[in-house]
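This one's a predicted model, so the numbers in the text were calculated from it and none came from an experiment. Both ligands and their constituent atoms are indexed starting at 1 by order of listing.
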Amino acid sequence: MSSFLEQMAQQRHAAINSTPVWARLHQHQRATRHVHMRELFEQDSQRFHRYSLELDGLLLDYSKNRITDRTLELLLELADAANLGQWLQWMRDGERINVSEQRAVLHTALRQPAGSRVLLDGVNVVDQVQDVLAACSRFAEAVRGGDWRGHDGQPVRDVVNIGIGGSDLGPLMVHEALRPYCQPGLNVHFVSNVDGQHLAQTLEQCQPATTLFIVASKSFTTPETLLNAHAARRWLVAAAGDAAVARHFVAISSNRPAVQAFGIDAANMFGFWGWVGGRYSVWSAIGLPVMLAIGPEQFRQFLAGGAAMDEHFFRAPFARNMPVLLALLGIWYNTFYGAHTHAIMPYDHGLRRLPAHLQQLDMESNGKRVGRCGERLDFDTGPVIWGEEGVNSQHAFFQLLHQGTRLVPCDFILPLNSHYPQGDQHRVLVANCLAQTEALMRGKSEAEVLRELAHLPGDELDMLLPQKLFPGNQPSNTLALDRLTPYTLGMLLALYEHKVFVQGVIWGVNSFDQWGVEYGKQLAAQLLAEMDGKASAAHDASTSGLMRHFQERFHG
Ligand code: F6P
């Protein structure tokens, strides 16, 4: 047995919640939970400087958290108790840390520059990565430059990426975020939902002769993607005949036989590997729609930003390590305060799909109730991730954050310079973002409210006073980017990937499988077979009733 497997098996018998530091953290939480962050700021004029760090145009301010030096000390001890340093090394060494699927986890190799070495079973995977990157770059240049032509000789004007989950959310979000870098006249669309309106409404904007489809599926077996791909193929063939498929369809997959069976030439397939998880795949050929839009040069900047964060993650001491700190703070609230959610608030319209991407990244990775060796965990793991762009979110759900009953830790993400300044609007946006973090932290005290309402008669004052109080003490991190560029976006995404990994290590879960998605898929296939009269099965009364209701009302 490899030393990795032996050591991992030993950890099964050393559950993290039975370590002394786990108990000490609970005690510490009980002893400090009434301390208000306002007092912590009053006591320490250097709090911002001590609890913030910067890397290449990305600032993390974590001073508005319910922490002291002692909290951080204990959380860092927890990281040590979970053997975090060793796990980082195992990841880098290509150990099969995705144990339930027996796979290495090497998405960081996708961001390494040519000439680097990342060995898996004695093979340098960076060489394979660079070969695919070069093939994607040649293809992207050909499409962007008008050299790749459709069946009747016209250049591509619309690109439709058909994929779902990790084969959609990452590239979709990055494409939206980097719109200022996109080539005008080349429109990139993303179709994911098996609901026919998604494809139909997209195709309404396209012409068969000038549309290129990318079928993006690591497995090339995902029903939603294949149904959409076949429908797109029918749309093309109806207008241009079978022979057009070769010029209008390419694939991104690790399943060559299935791609060929679909009718896509293997020469037009861009591959990736089992050691790239779907939700970590935007850096691979799955990023092709992004590369088509922003060009290979800018795509390399995106990779370079990710690599800079990897370097920081693997080398910086944990006490000054952005992903580790974000992960520990998340654990502090999730595990020791019992907070169930974590909100992501990008103050940037381009980043509006970031919460959705991070939802998959975090919830598919750490939404687990058993440990990596199959043991039942008796503490909470991954939180519910949600969020919305600011300032829209302020006019929707911030009421609950300010005056509701729940603890909701938030991340505010703020580009300091805009690609679209529009007069004073960017400063207004920034002022709103900072104001929210301040209000959530400070709250508004009784004395402050009394000063505002001093003119009111007594009974009205009694009624209004409690309604105008803001308890504050709601924690937040602020991530400020000098500007949203391919490079800083790469850093930001890699930061969250590593945060999720660190939390998974500490909770003892395998962050790289997703068995929980399978059961619903199986039942859907079963129900479909029943609708077709090809199978029958017993269901609960609700599901049977709904099936009958559907079949009575469905008109085809
Ligand atoms: O939702 C489950 C999942 O397996 C994701 O992890 C993955 O990103 C998505 O489906 C799509 O898978 P594929 O790229 O194989 O079509």
List the closest protein heavy-atom neighbour of [atom]: residue, atom name, distance to the nearest 0.1 Å.
atom: atom 10 (O) of ligand 1; answer: Lys521 NZ, 4.5 Å
atom: atom 9 (C) of ligand 1; answer: Ile164 O, 3.7 Å
atom: atom 15 (O) of ligand 1; answer: Ser219 OG, 2.6 Å
atom: atom 14 (O) of ligand 1; answer: Ser167 OG, 2.6 Å

- prompt: Is the number of heavy atoms from other residues, nucleotides or ligands under 6.0 Å of Glu297 CD greater than 12?
  reply: no

query: Taking both backbone and side-chain atoms of Thr222, is any N or O found less than 3.5 Å from an N or O belonging to ligand 1?
result: yes

message: Geometry only, no angles: is Gly166 polar-contacting ligand 1 at N/O separations under 3.5 Å?
response: yes

- prompt: Are any of the side-chain nitrogens in Glu176 or Arg353 under 4.0 Å away from the carboxylate oxygens of its partner?
  reply: no

task: Return the option from Glu224, Glu518, Glu364 holding the heavy atom at the smallest distance from atom 5 (C) of ligand 1.
output: Glu364

- prompt: Mind checking whether Phe262 and His230 have ring centres under 6.0 Å apart?
  reply: yes

message: According to ring-ring contact (aromatic ring centres under 6.0 Å, His included), does anything in residues 526-549 pair up with another residue at least two apart or in another chain? List the pairs.
response: none

- request: Using the test side-chain hydrogen bond (donor to acceptor under 3.5 Å, both in side chains), find all partners of Thr210 that sit at least two apart in sequence or belong to another chain.
  value: none

